[in-house]
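Notes for the one structure printed next.
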Amino acid sequence: MKRTNYAGRTSEAQIGQEVVLKGWVAKRRNLGGLIFIDLRDREGIVQLVFNEEDDRVAFEVANECRNEYIIEVRGLVRARAQANPELATGKIEVEVKEANILARSKTPAFEIKDDVEAAEDLRLKYRYLDLRRPQMMKNMKLRSKVAAIVHSYYDSHDFMDVETPNLTRSTPEGARDFLVPSRLYDGHFYALPQSPQLFKQLLMAAGVDRYYQMARCFRDEDLRGDRQPEFTQIDTEMSFATAEEIQEMTEGLIKQVMKEALGVDVPTPFPRLDWQEAMDRFGSDKPDTRFGMEIHDLSDLVKDSSFKVFSGTVAAGNYVRAIAVPGGADHYSRKDITKKEEYIKRYGAKGLAWVKVTADGYNGPIAKFLTDLADPINERLGAKEGDLILFVADTFHVVCDALGYLREAIAKEMDLIAPNQWNYLWVVNWPMFEYDEGFGKWIAAHHPFTMLKEEDLHYLEEGEDPHQAHAQSYDIILNGNEIGGGSIRIHDPKVQEKVLKALGYSKEEANARFGFLLRGLENGMPPEGGLAFGFDRWVMLLAGADNIRDVIPFPKNSKGIEPMTAAPGMVDPEQLEELHLTVAAEAPADED
RNA sequence: GGUCCAUUGGUCUAGUUUUGGUUAGGACGCAUCCCUGUCACGGAUGAGAUCACGAGUUCGAGUCUCGUAUGGACCGCCA
């Protein structure tokens, strides 16, 4: 029997025709001499009817069927007496003349339904069952659709799809590398790429001019809800382009994806926000602009306050900033606020000060210190009666992190985010360098090959402070999530040398680590730049999923384990020997 | 490296505080039987749980304490 069409696509136009369908038994309803089976394939569900009186042989097959059996059927499409409006194929059904069981199935570990959520660990262990669920199938289809648009878009704009190696060499800085031991060279290792960054730059040196690739990237860092050790970038690079041209090209892609994959029109160009402004107003370098509750600086107002925490903070050169939570006075109890205070301590905040705005002025433990300042504070924050004002007094980064977190957490809790908003924006004008507290040194904020603002080049000269410099880099943000970033690259070897020097590399170190790139620069590198999208994260947001695992067919769990295959696993001693490896720590015995 | 939370039949969960003593309850699923217009089919019957593991407190622990494991969220980390 040759299949005539997908079960889920059986249509009214086929009424009176014979069809052959193959798929999974989603549900069997046995009424005695009459059996209904909902047949499911990747496109959806159609109802099969087996009548004992009409066809005894087919009926016996249906009688034997259980959920998740795979069957093939031949039958006649007919209109239903009573349509089911819940189902896309609800106006028709298939009267089965012949049926065969192609595969039997155990009772599945969990029910294949959208509305019954099994524990995620179980879903991952039986991922092929989980992926049968309509929502997961829909996510995979969306992912495939977006990828197809990406290929078509860049192809039509003269970008070349070029593959770069997955076995490459380890480079310092950035994320921890996944290493692959070399069998041929004792003690030598390949590294899996964190991104094809340097290869795509050298493709520009080759004259490729416009490059794109759906590139697999690997970073050996701890996982998060939106971070996997193995992920896909939409990687692009353009010669002779300015930052604005690259952003415009990117906006074109986003516009097309939104239109063709979701049917949504997004207006372009997207807003551009300076990094400094994003931090000041939203406390975040990836601001969510779907709601207000912006942060305001009160340092000038409270610098002489009798509340020593505030005045002392300002005197030390730090900041007192606040948000006004609309209607927050009733919504949040003292206890709730204490919980929030405990939470923001993880960002280094020492406390969370608050007042409630009432008809009689401020209310709360520090209200008495702020009586005289209530009017100007309210005015600056736009606070009114019934609002809750939250203050954080600390260094710039602590204030931003803490208030940025509170702003987003409260918006979610109080349901302040209207649905169906797609707020894309660019964060531009990033600092070139940032201080790493852990290492006690300056590191590249983006990466060491990022070009500075032209007007900031002088900061690299002798006697100037390179850390004042800003970069020609840009991040693309969607609803408070970083979905991509890029920059104009350095194409002048002299500038690259100075930047590496500012980062603390000696000439010898720089040559040892990036020699191949520096040689490329010396051999004629066009001015160029690019951008990389976090494809998985973008699809997650487009799908409305709240975890990146829901748009990756076989993801790792939060501990980096892939529960279906139980990777990572131990290997045979012979394999280790071939690779010239000995394992120092005795690993625990591998179970099943 | 750190913080917090969770773990009860195949699945999801009630029960855990403020009573420490229950036949550990329910829904879905599963099995058998009845049923010819269901679509969350209906009806009847039934099987299925050493309450993650280990120690402790107690006359008595699903419930309290500690530890371990597993999972989830987060901080650090992720140029």
Side-chain angles (χ1 to χ4, degrees), chain A residues 26-39 45-54 59 66-68 78 80-87 89-90 93 95 106-113 115-126 129-130 171-177 194-195 197-198 217-229 231 339 342-349 401-402 405 409 430 432-434 436-439 442-450 471 473 482 485 487 499 503 514 532 534 537 546-547 549 557-561 563 588 591:
Chain A
K27 188 76 198 179
R28 175 169 153 274
R29 290 180 292 280
N30 188 347
L31 276 67
L34 189 69
I35 294 176
F36 296 99
I37 283 179
D38 290 340
L39 186 71
I45 277 175
V46 72
Q47 174 167 286
L48 310 177
V49 193
F50 299 80
N51 194 320
E52 188 173 21
E53 285 173 9
D54 295 348
F59 180 84
R66 293 295 180 270
N67 284 348
E68 301 310 316
R78 66 185 189 199
R80 290 205 209 177
Q82 251 187 332
N84 179 355
E86 306 284 308
L87 221 55
T89 59
E93 61 189 6
E95 183 188 352
K106 302 206 303 189
T107 301
F110 50 89
E111 293 174 64
I112 315 298
K113 278 181 171 179
D115 46 354
V116 178
E117 279 290 298
E120 197 172 6
D121 203 38
L122 198 66
R123 292 173 52 201
L124 292 180
K125 184 169 177 184
Y126 296 95
L129 296 181
D130 190 38
T171 51
E173 296 222 5
R176 204 173 286 119
D177 284 317
Q194 297 174 24
S195 83
Q197 181 61 38
L198 298 179
C217 305
F218 306 86
R219 295 178 187 175
D220 189 5
E221 297 293 345
D222 286 0
L223 291 78
R224 286 288 188 279
D226 62 355
R227 233 164 60 190
Q228 285 270 311
F231 61 101
K339 269 177 117 170
E342 283 307 309
Y343 194 92
I344 62 170
K345 283 182 179 168
R346 66 182 57 188
Y347 298 105
D401 287 351
Y405 160 78
W430 289 63
M432 180 75 188
F433 305 98
E434 61 190 30
D436 186 306
E437 307 275 352
F439 288 104
W442 290 86
I443 58 169
H446 188 55
H447 58 60
F449 321 107
T450 303
S473 59
E482 177 202 336
S487 64
V499 168
L503 287 169
F514 309 110
R537 198 178 289 175
D546 52 14
N547 195 299
R549 292 187 291 266
N557 70 15
S558 76
K559 300 289 193 291
I561 287 167
E591 65 303 316

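Throughout, protein chains are lettered first and strands after them, A, B, ... in sequence-line order, and every chain is numbered starting at 1.
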Watson-Crick or G-U wobble partner of rA31(B), both distances under 3.5 Å: rU45(B)
Short side-chain donor-acceptor distance under 3.5 Å, Asn557(A) and Glu120(A): no
Salt bridge (Lys or Arg N to Asp or Glu O under 4.0 Å) assessment of Glu221(A) paired with Arg219(A): CA-CA 6 Å; Glu221(A) 297 293 345; Arg219(A) 295 178 187 175; over 6 Å; no
Touch class at under 4.0 angstrom, heavy-atom based, for Arg537(A) against every strand present: nothing
Sugar-phosphate only, base, or nothing, as touched by Gly225(A) at under 4.0 Å among non-hydrogen atoms: sugar-phosphate
P gap between rA69(B) and rG54(B), integer Å: 15 Å
Stacking check Phe110(A) vs rU11(B) (5.5 Å / 30 deg): no
C1' atoms of rC64(B) and rU23(B), separation to the nearest Å: 24 Å
Rounded distance in Å between the C1' positions of rC4(B) and rC41(B): 45 Å
Identified pairing partner of rC53(B), criterion: Watson-Crick or G-U wobble below 3.5 Å: rG67(B)
Sugar-phosphate, base or nothing in reach of Ala175(A), heavy atoms under 4.0 Å: sugar-phosphate
Below 4.0 Å: OP1/OP2 of rC74(B) and any side-chain N or O of Arg227(A): no
Presence of Lys27(A) side-chain N/O under 4.0 Å of rG29(B) phosphate oxygens OP1/OP2: yes
Touch class at under 4.0 angstrom, heavy-atom based, for Leu122(A) against every strand present: sugar-phosphate
Out of rU36(B), rA31(B), rU38(B), whichever nucleotide has its closest atom nearest the side chain of Gln82(A): rU38(B)
Nearest-Å distance once atom P is located in both rC51(B) and rG9(B): 9 Å
P spacing across the pair rA47(B) / rA31(B), given as an integer number of angstrom: 16 Å
Check: rG76(B) base within 3.5 Å donor-acceptor of Asp222(A) side chain: yes
Closest listed nucleotide, where the reference is the side chain of Arg66(A) and the choices are rC30(B), rU32(B), rG10(B): rU32(B)
Touch class at under 4.0 angstrom, heavy-atom based, for Gln197(A) against every strand present: base
Whole-angstrom distance between rA61(B) and rA24(B), as gauged at atom C1': 13 Å
Test item: Asp38(A) and Arg29(A) side chains (from C-beta on) under 4.5 Å apart, heavy atoms: yes
Sugar-phosphate only, base, or nothing, as touched by Asp121(A) at under 4.0 Å among non-hydrogen atoms: sugar-phosphate
Residues, nucleotides or ligands: over 12 heavy atoms within 6.0 Å of Lys339(A) NZ: no
Sugar-phosphate only, base, or nothing, as touched by Arg80(A) at under 4.0 Å among non-hydrogen atoms: base
Sugar-phosphate only, base, or nothing, as touched by Arg28(A) at under 4.0 Å among non-hydrogen atoms: nothing
Below 4.0 Å: OP1/OP2 of rC75(B) and any side-chain N or O of Arg224(A): yes
Nucleotide rU38(B), atom P - distance to CD1 of Ile45(A) in whole Å: 18 Å
Sugar-phosphate only, base, or nothing, as touched by Phe449(A) at under 4.0 Å among non-hydrogen atoms: nothing
For rU17(B), the Watson-Crick or wobble partner whose two distances fall under 3.5 Å: none
OP1 or OP2 of rU36(B) under 4.0 Å from side-chain N/O of Asn51(A): no
Arg346(A) to Tyr343(A), cation-pi by 6.0 Å centre distance and 45° axis angle: yes
Check against ring pair (Phe, Tyr, Trp, His ring centres under 6.0 Å), Phe36(A) and Phe50(A): CA-CA 6 Å; Phe36(A) 296 99; Phe50(A) 299 80; 9.4 Å; no
Nucleotide forming a Watson-Crick or wobble pair with rU3(B), both distances under 3.5 Å: rA73(B)
Side-chain donor/acceptor of Arg78(A) to base of rG37(B), under 3.5 Å: yes
Sugar-phosphate only, base, or nothing, as touched by Thr171(A) at under 4.0 Å among non-hydrogen atoms: nothing
For atom OH of Tyr347(A) and atom P of rA73(B), their distance in whole Å: 15 Å
Residue Glu93(A), side-chain atoms from C-beta onward, closest of rU36(B), rG37(B), rG71(B): rG37(B)
Ring centres under 6.0 angstrom apart (Phe449(A), Phe514(A)): yes
Any Asn547(A) side-chain nitrogen or oxygen under 4.0 Å from OP1 or OP2 of rA73(B): yes
Candidates rC77(B), rU36(B), rU3(B) - which lies nearest the side chain of Leu34(A): rU36(B)
Lys113(A) NZ - rA27(B) P separation (whole Å): 14 Å
Distance, P atom - from rG67(B) to rG60(B), rounded to whole angstrom: 23 Å
C1' gap between rU18(B) and rU63(B), integer Å: 13 Å
Gap between atoms CD1 and C1', on Ile37(A) and rG37(B) respectively (whole Å): 15 Å
Pairwise side-chain contact, Leu124(A) with Asp130(A), heavy-atom cut-off 4.5 Å (strictly under): no
Side-chain N,O (Asn30(A)) to OP1/OP2 (rU38(B)) below 4.0 Å: no
Arg549(A) side chain, from C-beta outward: closest of rC30(B), rC39(B), rA73(B): rA73(B)
Phosphate contact (rC41(B) OP1 or OP2) by Arg29(A) side-chain N/O below 4.0 Å: yes
Strand partner of rA40(B), provided both Watson-Crick or wobble distances fall under 3.5 Å: none
Phosphate OP1/OP2 of rG72(B): any Ser558(A) side-chain N/O under 4.0 Å: yes
Considering all heavy atoms, the nearest Pro108(A)-Leu129(A) contact: CB-CD1, 3.9 Å
d(CD, Glu86(A); C1', rC41(B)) in whole Å: 15 Å
Side chain of Asn557(A) - closest among rG72(B), rC77(B), rG29(B): rG72(B)
Donor-acceptor pair present, Gln47(A) side chain and rU38(B) base, under 3.5 Å: yes
Touch class at under 4.0 angstrom, heavy-atom based, for Lys559(A) against every strand present: base
Under 3.5 Å: donor-acceptor pair, side chain of Arg537(A), backbone of Arg227(A): no
